[in-house]
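Notes follow the structure.
The figures here come from the full heavy-atom set of this structure, side chains too, leaving out hydrogens, waters and symmetry mates.
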Amino acid sequence: MKKGMKLMAGALAAASVFASASCGKKQSDLEYVKEKGILRVGITVYEPMDYYNEDETDFIGFDADLAKGFAQETGVEVKFVLITWANKVAELNAKEIDCIWNGMTASEELAQSIDLSVSYATNNQCVVVKSARVNDFDTAEKVKAANKIAVENGSAGNTVCENTLSLPMSKIAACTAQVDALTEVASGASDLAIIDYTMAYSVVGKGAFSDLTIVDISKVSFENEEFAVGFRKGSDLTEKANAYLKKCYADGTMTELLKKYSGVALNEAKLK
């Protein structure tokens with residue numbers, strides 16, 4: 001009887017140690033997402049990458065469609081979360097979102113704070129002006145001399161103004177989103193906007209921005225860039241996303257998406 005009790009006590013002790021070890025094990029991002037059953041994708045409204053469908057019931061776009069496929073492959077639902085671009089890293093690390101999938105420019109500075117996937121597309125920063133003023137800003141020197149330049153706060157365009165052009169803050173109109181920067185130009189509040197060419201290609205010259213024009217990028221453009229998806233530092237979702245993005249390139253999924261969402265340039269050298 002005592003021997004049996006000792007055996008039982010030993011088994012319970014072993015189970016307790018095992019349970020403690022299990023509790024002490026850090027949950028991976030993949031496990032965390034699967035447990036929730038939802039992949040929360042941080043985005044801004046950025047055509048053709050992530051934007052509302054016609055009746056504004058869902059998000060569509062090159063990135064949105066890829067994110068939906070990634071969530072499905074992971075076995076979870078996708079939830080798109082509108083974020084403040086300048087706060088994207090803080091929102092990711094606070095687990096308000098699980099990734100940033102929004103035509104995000106990869107940079108060494110960003111890579112110090114978060115994990116970056118393999119680059120899947122390329123981009124540059126272009127100048128958008130009112131059509132009547134296209135010749136007023138067709139060189140970098142003329143752009144630098146503008147009275148007011150609209151950019152998205154925390155964006156690559158913002159970096160161009162502050163670092164490449166070394167403009168004072170008084171000349172920079174930092175907006176919440178790139179579309180707001182275009183609205184600044186359309187209203188006359190700013191002389192020009194510096195935004196992603198990928199977005200400008202899709203929206204400039206149409207609708208509310210029909211009076212705007214992209215300055216010839218062979219004359220003036222900035223920052224050749226690479227797009228990547230952002231994950232928390234050390235996330236095992238990064239490796240999974242890398243495999244997924246390369247698969248989508250190899251099986252033609254990305255090529256098919258280009259037929260729906262024009263203006264995206266694949267980074268084929270990195271996807272092969």
Taking all non-hydrogen atoms of both residues, which atom of [X] and which atom of [Y] are closest, and how far apart?
X	Y	result
Ser262	Tyr201	OG-CE2, 3.7 Å
Gly103	Phe227	O-CE2, 3.1 Å
Ala71	Val78	CB-CB, 3.8 Å
Cys126	Tyr197	SG-CA, 3.7 Å
Ala200	Val128	CB-CG2, 4.1 Å
Ile114	Gly230	CD1-CA, 4.0 Å

For the side chain of [X] and the backbone of [Y], is there at least one donor-acceptor N/O pair under 3.5 Å apart?
X	Y	result
Lys240	Asp236	no
Thr44	Tyr46	no
Thr74	Val76	no
Glu184	Ala173	no
Asp216	Ser218	yes

Can you hop from [X] to [Y] via hydrophobic side chains spaced under 4.5 Å?
X	Y	value
Val151	Val185	no
Leu110	Tyr120	no
Val127	Val179	no
Ile97	Leu66	no
Val41	Val264	yes

Practice item. Salt-bridge test for Glu256 and Lys259: reply yes if a basic N is under 4.0 Å from a carboxylate O, no otherwise. Key: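 The answer is yes: the pair qualifies as a salt bridge.
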Check your understanding: Any ion pair linking Lys142 and Asp138 (charged N to carboxylate O, less than 4.0 Å)?
Key ->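 Yes, Asp138 and Lys142 are salt-bridged.
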Point to revise | Given Asn123, Asn124, Thr164, the one that forms side-chain contact (heavy atoms from CB on, under 4.5 Å) with Glu223 | key: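 Among Asn123, Asn124, Thr164, the one that satisfies the side-chain contact (heavy atoms from CB on, under 4.5 Å) with Glu223 is Thr164.
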Once you round to the nearest 0.5 Å, how far does [atom1] of [X] lie from [atom2] of [Y]?
X	Y	atom1	atom2	result
Ile83	Leu92	CD1	CG	8.5 Å
Met104	Glu225	CE	CD	12.0 Å
Leu237	Ser117	CG	OG	11.5 Å
Thr139	Lys219	OG1	NZ	10.0 Å
Lys246	Lys270	NZ	NZ	10.0 Å
Glu239	Asp115	CD	CG	11.0 Å

Can you check whether [X] reaches [Y] side chain to side chain, under 4.5 Å on heavy atoms?
X	Y	answer
Thr176	Glu152	no
Lys68	Asp58	yes
Met49	Trp101	no
Asn158	Trp85	no
Phe70	Val229	no
Thr198	Phe62	no
Val45	Leu82	yes
Met254	Leu245	yes

Heavy-atom neighbours of [X] [atom1] exceed 12 at 6.0 Å:
X	atom1	answer
Glu109	CD	no
Lys34	NZ	no
Gln72	CD	no
Glu77	CD	no

Review point. When the ring centroid of Tyr52 is compared with that of Phe59, is the distance short of 6.0 Å?
Key: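 Yes, ring centres under 6.0 Å apart.
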Point to revise | Steps toward side chain to side chain contact (heavy atoms under 4.5 Å, CB included) verdict (Tyr32, Asp98) | key: CA-CA 9 Å; Tyr32 171 69; Asp98 301 309; 3.5 Å; yes
Exercise for review: Give a yes-or-no answer on whether the side chains of Asp251 and Thr253 include a donor-acceptor pair shorter than 3.5 Å.
Suggested key: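 A pair is found: one side chain offers a donor N or O, the other an acceptor, under 3.5 Å apart.
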Practice item. Could you check Val143 against Leu165 for side chain to side chain contact (heavy atoms under 4.5 Å, CB included), going step by step and ending with a plain yes or no? Key: CA-CA 9 Å; Val143 169; Leu165 299 177; 4.0 Å; yes
Review point. For Asp191, which of Lys171, Lys148, Arg133, Lys130 qualifies under salt bridge (Lys or Arg N to Asp or Glu O under 4.0 Å)?
Key: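 Single pass found, and it is Arg133.
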Practice item. Could you go through the side chain to side chain contact (heavy atoms under 4.5 Å, CB included) check for Ile60 and Tyr51 one step at a time? Key: CA-CA 6 Å; Ile60 58 174; Tyr51 60 103; 3.7 Å; yes
Point to revise | Residue pair Thr84, Glu91: steps toward the side chain to side chain contact (heavy atoms under 4.5 Å, CB included) verdict | key: CA-CA 9 Å; Thr84 299; Glu91 293 189 39; 4.0 Å; yes
